[in-house]
Every structure is written in C-alpha cells, then in structure tokens.
Amino acid sequence: MPELPEVETIIRDLKPSVIGQEIKSLKIFDGSNRLFLKNNLSFFHKYLIGQTIRDINRHGKYIIFCLSSLSNFVVHLRMTGSFTILHTNAPVVPYEKLRINFCTNLSMSLIDIRKFATIDISNDANFLVSKLGPDAISRGFNAKFLQSKFIKRNSSVKSALLDQKIAAGVGNIYADEACWAANINPLSRASLLNLDQIELLCKSIKLVLRESISNRGTTINNYKDVLGNSGYHQTRVAVYGRLDKPCFKCKTKISKIKVVGRATYFCPKCQKN
DNA sequence: CTTATTCCCTGATTGC
DNA sequence: TGCAATCAGGGAATAA
C-alpha cells in the first residue's frame, strides 16, 4: 500500500513522462464506483481537457498534478492504486480506472484493484494544508510541532502517528518502523512521552521514510512502481510483517497486536515504553 | 472538541 | 479438493 516513500517514488517516475504533456482526452472506466463520489465525468472533462501538466507534487500521500490553469488534479492511491504510462492505443489494462490521453501518443493510466483510490480537482492550492498536518519529511514536521500535538493527545502513539493531521504521509508500516527505531511502545499514551522521546521519534520517522525513498519504497502486499516493479525496502524492514522473527537489536521475537484496527508489530523488549 | 468503530473493496491466505 | 472465513488498511462517516 503506497505510503509517503512509495508515493514519492511514483511521482519521481511520472515526472519525466508527464510534465509538459497536454491532456487531449480522458476515459473513466466503471463509472459507478466511489471515484465519482463528489463529481461526475463532465466535471473532470471540463477541468482537465486542454490543460498542460506543469508539475507534480505531493503532500503526505496525496499526489498533486499542477495544471496550466492553476487548478490541481489531486489523486490518492489508498490501498491498491497505481499509475502506469502506456501508449494511447494500448488495450484496457485489468482494473484500469482512468486513462488520461496526452496530445503525444502517450497516456497515463490509473489502475486500482480495490477501488479505494480517489480523484479530485481543487482550485485552492492550499486546500490540503487545512486537511492535513505538515508532510512528514518537511521542515514543518519537527519535534516542536510533534510535541504540541502529542501533549494533548490521549490516544496511543500508534494511533497518533496514523493521524494525517499529525504526520502526513506516515501509514501503518512506517509508524511501526519509526516506533521501533525510537524504542517507543506503540501503545504508550502520546501525551506521556518526554521531549527526548519525541525528538528521537521525529528523527526516526524522517529517517525511515528517507531510507525507504532511497530504496524506492516497500513492497509487502502489492505496491508496484510506475514500471510495475517492486521496491527494495522490504528487505530492510525491522518489524513490520516480522512476527516471531528476531529483533535486530536484541534477538527477542517480534510481537504482533492490533491497535485501532491495524496490525502493529513491535519488539516487547526494546519497546517497553 | 476528542477517540473508537464501521465501512468500502477484492485478491491472497488460512482453516476446516 | 473446495468453499467459507479472515486478512490487508486509508480515510470518510458515524457513534459515543
């Protein structure tokens, strides 16, 4: 499932093929699903046809295509969404949801097995800022900010880290990895962490995310990049998916529990509090 | 305001 | 071997 490092890898791969391309036409498949929760097909036609994609940015897990009109085409891949670049006359790909045809012979396709991905248009360049906290690898996400959020947070650290208003882009895998790196129990009350712990956790979040970006993301369930290749970071993962395997620091078997409905892995010895 | 739970969806895996 | 139950989880909606 794409989290921040996977989304970052995807936009880096898309940029050379997509920036500067003018949108000639688009086709949306299986139009009755949630992709159209708020808008219909003619809405997307109106805002996309004739536009040139000027840049591709990211805030947390949201992909932001900046259009020449200054509107933004915003995509969230959720669990199983992925992009691919293909020729305009290529046949429909299984689970294809959206194809954007450029004026060249190239197209950009959104593929999504589980149909959770969302697409939207925004005319407000900052609309995601009010909806999300700072991006987890940006300067705005720092120990001071994290402390200001944690101090009034009664829930577990794990639950807080999954809150996109606190750390935009952190998902289930990297929340666990960061807690392990910082020796923090995912069940600890966020409000009870001391400043040293918060500083270490903040650094750990940035570190695990940056390391994963340099490894082109983690392929554990089904993430694939724009070329359909897996990432490499799954070989570096310390706890996620490593139930009963030895902790890399102390050899204790990794535990698995459920926290706010999410599988959560940790070392019961290294992460006591 | 907060925090927890349910739901959406489908392929892979597990259990009997 | 076969089929049903479970699991995977981001975020919207809902409940408390």
Side-chain angles (χ1 to χ4, degrees), chain A residues 1-8 10 28-39 58-64 74-83 93-98 110-120 122 127-133 135-136 148-179 186-193 205 209 212 217-224 228 230-231 234 237 239-244 254-266:
Chain A
M1 58 303 294
E3 300 182 33
L4 188 153
E6 293 76 29
V7 173
E8 178 67 25
I10 286 167
I28 297 180
F29 304 90
D30 190 13
S32 61
N33 70 31
R34 325 167 24 100
L35 211 57
F36 302 107
L37 213 56
K38 290 172 186 168
N39 301 299
R58 179 187 62 70
H59 189 128
K61 303 165 196 167
Y62 288 83
I63 299 171
I64 304 160
V74 182
V75 178
H76 195 304
L77 298 173
R78 300 285 188 109
M79 308 302 302
T80 55
S82 66
F83 277 112
V93 177
Y95 309 107
E96 189 168 9
K97 292 289 120 188
L98 165 72
L110 171 62
I111 296 151
D112 185 20
I113 293 174
R114 287 169 68 182
K115 303 178 181 174
F116 287 169
T118 58
I119 64 175
D120 206 354
S122 173
F127 90 107
L128 284 174
V129 175
S130 57
K131 183 185 169 106
L132 304 172
D135 186 85
S148 74
K149 291 294 183 186
F150 270 22
I151 204 161
K152 52 191 174 186
R153 186 85 181 197
N154 251 334
S155 66
S156 65
V157 170
K158 174 69 182 271
S159 165
L161 288 180
L162 292 177
D163 184 344
Q164 300 298 295
K165 288 200 165 186
I166 293 180
V170 172
N172 204 38
I173 294 175
Y174 299 106
D176 283 5
E177 294 300 305
C179 284
L187 286 175
S188 293
R189 299 297 100 185
S191 58
L192 297 181
L193 294 197
I205 290 167
L209 293 173
S212 181
T218 304
T219 297
I220 286 186
N221 289 328
N222 45 38
Y223 160 72
K224 292 288 166 70
S230 296
Q234 59 277 11
V237 162
V239 286
Y240 188 86
R242 296 192 65 247
L243 175 64
D244 291 337
I254 299 300
S255 298
K256 179 186 182 185
I257 56 175
K258 270 216 179 224
V259 183
V260 288
R262 303 294 179 244
T264 299
Y265 298 86
F266 70 106

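In the text below, chain A, chain B and the rest are named by the order of the sequence lines, each starting its count at 1.
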Nearest-Å distance, [atom1] ([X]) to [atom2] ([N])?
{"X": "A:Y95", "N": "B:dT10", "atom1": "OH", "atom2": "P", "answer": "9 Å"}
{"X": "A:L4", "N": "C:dG11", "atom1": "CG", "atom2": "P", "answer": "11 Å"}
{"X": "A:I173", "N": "C:dC7", "atom1": "CD1", "atom2": "P", "answer": "18 Å"}
{"X": "A:I220", "N": "B:dA12", "atom1": "CD1", "atom2": "P", "answer": "17 Å"}
{"X": "A:I119", "N": "C:dA12", "atom1": "CD1", "atom2": "C1'", "answer": "17 Å"}
{"X": "A:L243", "N": "B:dT13", "atom1": "CG", "atom2": "P", "answer": "17 Å"}
{"X": "A:M1", "N": "B:dA12", "atom1": "CE", "atom2": "P", "answer": "14 Å"}
{"X": "A:L162", "N": "C:dA8", "atom1": "CG", "atom2": "C1'", "answer": "14 Å"}

Taking NZ, NE, NH1 and NH2 as the nitrogens, is one of them in A:K149 or A:D163 under 4.0 Å from a carboxylate oxygen of the other?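 Result for this pair is no, no salt bridge flagged.
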How about A:F150 and A:L161: do any of their side-chain heavy atoms sit closer than 4.5 Å? yes
Should the side chain of A:R114 and the base of C:dA8 be counted as holding a donor-acceptor pair, with the cut-off at 3.5 Å? yes
Any side-chain N or O of [X] under 4.0 Å from OP1/OP2 of [N]?
{"X": "A:K152", "N": "B:dT2", "result": "no"}
{"X": "A:K256", "N": "C:dA8", "result": "yes"}
{"X": "A:Q164", "N": "C:dG11", "result": "yes"}
{"X": "A:H76", "N": "C:dG10", "result": "no"}

Of all the nucleotides listed ([options]), which has the minimum atom distance to the side chain of [X]?
{"X": "A:K61", "options": "C:dC7, B:dT10, C:dG10", "answer": "C:dG10"}
{"X": "A:Y265", "options": "B:dC9, C:dA8, B:dA4", "answer": "C:dA8"}
{"X": "A:I113", "options": "C:dG11, B:dT3, B:dG11", "answer": "B:dG11"}
{"X": "A:Y240", "options": "B:dT3, C:dG10, C:dA8", "answer": "C:dA8"}
{"X": "A:S155", "options": "B:dT3, C:dA8, C:dG11", "answer": "B:dT3"}

Under 4.0 angstrom, heavy atoms only, what part of the nucleic acid is [X] near: base, sugar-phosphate, or nothing?
{"X": "A:Y62", "result": "sugar-phosphate"}
{"X": "A:K258", "result": "sugar-phosphate"}
{"X": "A:N222", "result": "nothing"}
{"X": "A:M79", "result": "base"}

Look up atom [atom1] in [X] and atom [atom2] in [Y], then write down how far apart they are to the nearest 0.5 Å.
{"X": "A:L128", "Y": "A:Q164", "atom1": "CG", "atom2": "CD", "result": "11.0 Å"}
{"X": "A:T218", "Y": "A:Y223", "atom1": "OG1", "atom2": "OH", "result": "9.0 Å"}
{"X": "A:K158", "Y": "A:L187", "atom1": "NZ", "atom2": "CG", "result": "9.5 Å"}

Polar side chain donor-acceptor pair, A:T264 to A:R262, under 3.5 angstrom: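 Checked: A:T264/A:R262 side chains show no N/O donor-acceptor pair below 3.5 Å.
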